[in-house]
Amino acid sequence: MVKDHTIIWKECLNIVRKSIDNQPYKTWFEPIKPVKLENEVLTIQVPNKFFYEWLEEHYVSLLKKAIRQEIGHNGRLEYQIMVDNHKKIGVGNSLPKIINKEEIVSTSIPNPFVIPGIKKVRIDAHLNPNYTFDQFVQGECNRFPVSAGVAIAKKPGGTAFNPLIVYGDVGLGKTHLIQAIGNKILSDHAEKQVLYVTTEKFTNQVIQAIKSNSVNDFMNFYQMIDILIIDDIQFLANRPKTQEIFFNIFNQLHQAGKQIILSSDRPPKDLQDVEARLISRFKWGLVADLRTPDFETRIKILNKKLENENLVLSDEIKEYICTHIKNNIREIEGVVISLVAQSSLNRRSIDIKLVKEVIRQFVSHVDQEISVENIKILVAKHFDISVDKLGAKTRLREVVMARQLSMYLAKNYTNNSLKVIGDSFGGRDHSTVIHSLKTIQDLMDTDTLFKDKVNQIVKKVKTNLVSV
Ligand code: ADP
Ligand code: MG
């Protein structure tokens, strides 16, 4: 009996299925439709060029193997690409290359991703399944972006939070949070196409698409996404072509009521070398920041990570970890993982000595007490004034600023009380210290140059201590 294209393709699929995971199989092979078998050439139909290139890039040897096995040594494969205007065009493939120029008018297929007779498949969302809301500890520091995220997950594209931009320093949970939104949508909205991509990867895809002359297919692919999540958009800086393509995709998705979720290490207004028209789009929706967690929240996060690792620590040790790691949750996680490794591999019991050793790897200045005196010296040097002036009664603008900044740093980087800090600046009372903290915080929130300057000083405060 002569086998026809459907049977041959079915057998090829059996071979493919044995070699790859279920998810990529569903994504890349289920939507393929066998078209015909003529002279040992099997023609299959793929939804778009992007799809074809993906297959060629990732599965060409597997396909070769299957075709050879099923058709014989002279077996070849050809692709037909479905294009938007419901036409199919042919494209040759690499075994050996034959260009199939025929154009066939296909039956009505409104969405190039949905092939009649085959259930709409979900593309791989590229989400880490562990990044869920359940695993994301909530506190004052993240209440706002989390509630926006929860609202979006209920009604993607249907809230005012479009786009949602989550920003914050490294290690504060941006990636976790934006992926949690994606994971929640995956589980609650079966029909939605979710895609997570880093800006780095997106940029590479753009470069590839330009090189291979397939920008249109690339854009078509992105247009069928319902929830597009792009991480670390600060890396769009200085990439005008990527920005342009992203701008177009953004507009099309937004107009179609699709949800866009972005993360950045700074607020949109501070993104450098990103076109104004993009930045203005970013402000259409909601911009929400992730702040550093307070002590209680850090303890809760630590507990969550310990629970995941089945590790029990004393309260004293937990408090020690959370007083020494303040600004980066990834570091808390790193400590937990190191402790697990130390205790299981080296069979060491986890005592405060071990914890101190481990923390030292993560926080270089941990055992160096930062003193108010040290801060005063550095700040005075920075402002080019004498240290005495910081405690003096002068109201000179420059001196006042230096004094307020020193108090701010003293509060944030030492364990001294407001009273002790006030005392070290010429006996000022604690309300003066509070006022200074607020002034500096306000300035940092509104003036990026100032914030950068403070960060420079903070770095100095820290590094200086390491070398002391
Ligand atoms: P960012 O993208 O902002 O650099 P990540 O999302 O990669 O930060 O977070 C760093 C690590 O800290 C991740 O492993 C994440 O699970 C964890 N993390 C961050 N915030 C929280 C939180 N609120 N609760 C639990 N884990 C968190
Ligand atoms: Mg991240």
Side-chain angles (χ1 to χ4, degrees), residues 125-153 163-186 194-204 228-237 260-268 270-271 282 286-311 313 318 321-322 324-341 358-359 361-363 455:
H126 289 95
L127 291 169
N128 177 341
N130 299 323
Y131 285 161
T132 59
F133 279 120
D134 274 354
Q135 287 294 323
F136 199 74
V137 173
Q138 296 188 30
E140 247 350 282
C141 55
N142 58 30
R143 205 170 300 289
F144 184 44
V146 168
S147 41
V150 170
I152 287 172
L164 170 68
I165 304 193
V166 176
Y167 77 90
D169 284 337
V170 62
L172 290 186
K174 299 183 291 294
T175 301
H176 188 145
L177 178 59
I178 60 179
Q179 291 212 19
I181 306 172
N183 275 317
K184 184 77 180 140
I185 296 174
L186 271 192
V194 181
L195 181 70
Y196 166 89
V197 65
T198 61
T199 301
E200 219 46 59
K201 188 161 167 195
F202 183 81
T203 304
N204 288 333
L228 177 61
I229 307 172
I230 305 194
D231 210 349
D232 288 320
I233 56 164
Q234 71 273 9
F235 295 128
L236 285 173
I260 299 155
I261 301 168
L262 309 169
S263 88
S264 163
D265 70 351
R266 64 201 79 182
D270 295 340
L271 286 169
F282 293 161
L286 181 76
V287 178
D289 66 333
L290 284 174
R291 303 185 184 174
T292 41
D294 56 25
F295 179 76
E296 268 72 45
T297 313
R298 294 201 293 279
I299 293 277
K300 274 197 220 155
I301 293 172
L302 175 61
N303 280 332
K304 186 107 209 164
K305 307 288 169 192
L306 292 173
E307 201 182 288
N308 292 345
E309 300 295 333
N310 274 327
L311 192 66
L313 296 178
K318 287 195 245 183
I321 295 173
C322 291
H324 287 87
I325 300 186
K326 292 186 173 142
N327 301 317
N328 188 332
I329 298 168
R330 191 173 289 125
E331 287 175 354
I332 296 186
E333 223 166 41
V335 168
V336 171
I337 291 164
S338 303
L339 289 176
V340 172
V358 166
I359 288 188
Q361 302 161 22
F362 288 89
V363 192
N455 285 338

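Note: hydrogens, waters and symmetry copies are ignored here, and every other heavy atom, side chains too, is used. Counting convention: from 1, in listed order, for ligands and their atoms alike.
- Within 6.0 Å of NZ on Lys184 lie no more than 12 heavy atoms contributed by other residues, nucleotides or ligands.
- In this structure, the protein non-hydrogen atom closest to atom 13 (C) of ligand 1 is Glu333 OE1, 3.6 Å.
- Ligand 1 places these atoms under 4.0 Å from at least one heavy atom of Tyr131: 13 (C), 14 (O), 16 (O).
- Among protein heavy atoms, atom 23 (N) of ligand 1 sits closest to Val137 O, 2.9 Å.
- The closest approach between a heavy atom of Lys305 and any atom of ligand 1 is below 4.0 Å.
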Discussion item. Please determine whether side-chain contact (heavy atoms from CB on, under 4.5 Å) holds for the pair Asp169 and Asn327, giving the CA-CA distance in whole Å, both sets of side-chain angles, and the decisive distance to 0.1 Å.
Written reply: CA-CA 8 Å; Asp169 284 337; Asn327 301 317; over 6 Å; no

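- Counting heavy atoms closer than 4.0 Å to ligand 1, residue Asp169 contributes backbone atoms (N, CA, C, O) but none from C-beta onward.
- The nearest heavy-atom contact from the protein to atom 12 (O) of ligand 1 is Ile329 CG2, 3.3 Å.
- In terms of modelled atom types and a separation under 3.5 Å, the side chain of Asn328 and the main chain of Arg330 share a donor-acceptor contact.
- A donor-acceptor pair is defined here as one N or O able to donate and one able to accept, closer than 3.5 Å; no such pair exists between the side chain of Gln135 and the backbone of Asn130.
- Residues Arg143 and Glu140 are paired through a salt bridge, judged by an N-O separation under 4.0 Å between the basic side chain and the carboxylate.
- In this structure, the protein non-hydrogen atom closest to atom 4 (O) of ligand 1 is Gly171 N, 2.7 Å.
- Judged by distance alone, the side chains of Asn183 and Thr132 never bring a donor and an acceptor atom under 3.5 Å apart.
- Counting protein heavy atoms only, atom 7 (O) of ligand 1 is closest to Arg330 NH2, 2.6 Å.
- Judged by distance alone, the side chains of Asp231 and Ser263 do bring a donor and an acceptor atom under 3.5 Å apart.
- Closest protein heavy atom to atom 6 (O) of ligand 1: His176 N, 2.8 Å.
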Worksheet item: Taking it one step at a time, do Lys174 and Asp232 satisfy side-chain contact (heavy atoms from CB on, under 4.5 Å)?
Response: CA-CA 9 Å; Lys174 299 183 291 294; Asp232 288 320; 4.2 Å; yes

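- For ligand 1, the atoms closer than 4.0 angstrom to any heavy atom of Lys174 are 1 (P), 2 (O), 3 (O), 4 (O), 6 (O), 8 (O).
- In terms of protein heavy-atom proximity, atom 21 (C) of ligand 1 is nearest to Phe136 CE1, 3.5 Å.
- Atoms CG and CD1, on Leu262 and Ile260 in that order, are 7.0 Å from each other to the nearest 0.5 Å.
- Between atom CG of residue Leu177 and atom CZ of residue Phe133 there is a gap of 5.5 Å, rounded to the nearest 0.5 Å.
- At a cut-off of 2.8 Å, Thr175 coordinates the Mg ion (ligand 2) through an N, O or S atom.
- Of all atoms in ligand 1, listed by their number and element, those nearer than 4.0 Å to a heavy atom of Val170 are 4 (O).
- Contacts between Thr175 and ligand 1 below 4.0 angstrom, taking non-hydrogen atoms only, involve backbone and side chain alike.
- Residue contact check: Asn142 has heavy atoms under 4.0 Å from atoms 23 (N) of ligand 1.
- Nearest protein neighbour of atom 19 (C) of ligand 1, counting heavy atoms only, is Gly173 CA, 3.4 Å.
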